[in-house]
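Working notes, structure below.
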Amino acid sequence: MTLEPQLANPVELAIPAFIVLVLLEITVAKRRRKAAYELRDTAASLAMGLGNLAIGLAAGAVAYLALNGVYQFRLASLGYAWWSFILILFAEDLTYYWFHRLSHRCRFWWAAHVNHHSSQHYNLSTALRQTWTGGLFDWVLWLPLALIGFPPALIVFQKGVSLVYQFWIHTETIGRLPRWVEAVMNTPSHHRVHHATNPRYLDRNYAGIFIIWDRLFGSFVAEAPEDPCRYGIVKNIGSFNPLRIALHEWVAIAQDVTAAANWRERLIYLLGQPGRCFDFSRQTTDEIRAAWRARGLAVSAPADHFRAGT
Amino acid sequence: MGMDPKNPVSLLVPLIGIALILAAVWLTGGARRARIDRALVLARLSEDLPDFAAAEIVIDADAATALAAGANGSFALVFAAGDKVVVRALERRELRRVKVAGDLLEIDTSAFTHGRFALALPGAAAAWARRLAAPERVA
């Protein structure tokens, strides 16, 4: 069966549900006396979501044209058979995993993604704090799916499904889910880890829908009750201005590239790991984690030594 | 219902939703600010700047911003952003201007996100300004 269905945009369909669920979470948080929402933080997240929607209308058209261009050279015609929907679910999710991992490990991509992590709160409105600049270029990573033979409309549809799925996991209202769910699916617990700045959690759990990719590629860390998540970014921005939220890392890159001593440094400032520098003024997440482990070992060393001696 | 640029009703849904959410946050006490005290400053410094050993801390009169001097001559700022707290190592290369206006210590940095700070420090503003401007300060 290769019907050409008119696929809906899942994100647009989900907007009323997003609104209702945020209102519900605000109510639940109030009842539990948890300070889940702060006015300016929420306003900033919603403004980012609205901006993303507006920019997405234009950038999405370019992405769709590019997908169609590549689709002309497809290796197979997978069409809209039921199994195509199953295949694209996993293929798109794997693509998302690597896109997301790149977005944390390469500064150019991080500059577009960092705004999603810039809130020090973690609630459903944080899910709406979406990029304003990523849509201009991040679609290139989905082009191989069109080359394989997935119809562009199906790819765009699945990207929407993934975004809608990831909305509900941005919450502290839900604790742990049954073991089989936590083993296979990306859950609020797994994604809290992803948004946390505690050294043990940095740059972990990149999953979109299925957590299996993190388990497979060695980037999974479970939420530890003894180490409650602290949300935000390593250098929190302290601003609720959407323009500053959207552009601050791009400005930082421009400042670093301008001040760099040579082309090697410029290239590393642009494409290296976020935090990489040449004046010891900041650290990468790997360096932060190594320092944290070293401090932990320094603290535990006497006790270990004592145990070894007895 | 999908969003159609030609259909104003569908465009109104997100806008009405935003208004409802912000009203709900405000009505449930969401318009609040963190109040900074010494214990909070020390706790946040140990989390965000574990190598920073605070030798002296001053908190401004409205408990919104604190300035900490490190044992090695470095400085850090701890300030409220909504109901959360942000920690900044005050790098020398980021420092643009330090000015005293009465009891107000104004610190202007090159940070794009939150670059300007004004601390009400009755009787202490000038002394802290001198310390910040001291040439022997290690960044």
Side-chain angles (χ1 to χ4, degrees), chain A residues 8-9 11-13 15-16 18-20 22-23 26-27 29-30 35-44 46-47 49-50 53 57 118-121 124-125 128 197-199 230-232 234-241 244-245 247-252 255 259 279 281-282 288 291-292 295, chain B residues 1-5 7 10-34 43-44 46-51 64-65 74 77-94 109-117 139:
Chain A
N9 183 336
V11 178
E12 291 175 4
L13 284 174
I15 286 173
F18 288 169
I19 295 164
V20 171
V22 171
L23 290 170
I26 293 168
T27 312
K30 178 68 180 171
Y37 282 81
E38 193 273 333
L39 190 61
R40 287 194 293 166
D41 175 82
T42 309
L46 297 175
L50 204 60
L53 215 56
L57 289 175
S118 61
S119 173
Q120 291 179 261
H121 287 266
L124 292 175
S125 79
L128 305 175
T197 59
N198 314 39
R230 298 191 304 274
Y231 304 108
V234 169
K235 188 177 178 183
N236 283 305
I237 59 174
S239 173
F240 302 106
N241 180 330
R244 292 186 194 277
I245 292 170
L247 300 176
H248 71 95
E249 190 64 19
W250 293 112
V251 171
Q255 287 171 340
D279 60 1
S281 63
R282 53 185 186 251
I288 292 169
W292 168 72
R295 280 195 302 276
Chain B
M1 184 179 70
M3 262 179 56
D4 177 2
N7 180 0
S10 72
L11 290 173
L12 276 177
V13 171
L15 296 176
I16 292 169
I18 286 172
L20 279 173
I21 289 167
L22 293 179
V25 173
W26 183 71
L27 287 169
T28 52
R32 57 185 179 271
R33 175 175 71 72
R44 288 309 308 271
S46 72
E47 284 172 2
D48 288 16
L49 300 173
D51 296 330
T65 311
S74 59
L77 278 161
V78 180
F79 59 97
D83 60 348
K84 299 290 182 183
V85 170
V86 175
V87 178
R88 280 264 189 291
L90 196 52
E91 302 288 342
R92 186 173 183 77
R93 60 188 171 84
E94 286 184 342
T109 76
S110 61
F112 174 70
T113 50
H114 189 125
R116 288 186 173 180
F117 301 88

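Below, read A as the first sequence line, B as the second, and so on, with proteins coming before strands; counting in each chain starts at 1.
For chain B, no part of A:Asn198 is nearby; none of its heavy atoms comes within less than 4.5 Å. Contact annotation for A:Phe240: only side-chain heavy atoms (C-beta onward) come within less than 4.5 Å of a heavy atom of chain B. Contact of B:Arg88 with chain A is made through the side chain alone, with heavy-atom distances under 4.5 Å. A:Ala43 touches chain B through backbone and side chain together, each having a heavy atom under 4.5 Å away.
Counting only heavy atoms from C-beta outward, the side chains of B:Val25 and A:Ile26 approach each other to under 4.5 Å.
Taking the centre and axis of the six-membered ring of B:Phe112, the NZ or CZ atom of A:Arg244 falls inside the cone set by 45° and 6.0 Å.
B:Arg32 and A:Glu38 are not joined by a salt bridge, as no carboxylate oxygen comes within less than 4.0 angstrom of a charged side-chain nitrogen. For A:Lys235 and B:Glu94, the salt-bridge test passes: some basic side-chain N is under 4.0 Å from an acidic carboxylate O.
Of the listed residues (A:Ile237, A:Leu50, A:Asp41), the greatest number of heavy-atom pairs within a distance under 4.5 Å of chain B belongs to A:Ile237. Per-residue counts of heavy-atom pairs under 4.5 Å with chain A were compared for B:Val87, B:Ile21, B:Val86; the largest is that of B:Ile21. Between chain A and the options B:Leu15, B:Asp51, B:Val85, B:Asp48, heavy-atom pairs under 4.5 Å are most frequent for B:Val85. Counting heavy-atom pairs closer than 4.5 Å to chain A, the top residue among B:Ala80, B:Ala89, B:Gly30, B:Ala81 is B:Gly30. Heavy-atom pairs under 4.5 Å with chain A were tallied for B:Ala111, B:Gly82, B:Ser110, B:Ala24; the largest tally goes to B:Gly82.
For B:Arg116, the CZ atom is loosely surrounded, since the number of other residues' heavy atoms within 6.0 Å does not exceed 12.
The distance between the ring centers of A:Tyr231 and A:His121 does not fall below 6.0 angstrom.
Evaluation of the side chain to side chain contact (heavy atoms under 4.5 Å, CB included) rule for B:Trp26 yields A:Leu39, B:Ala31 as partners, not counting sequence neighbours.
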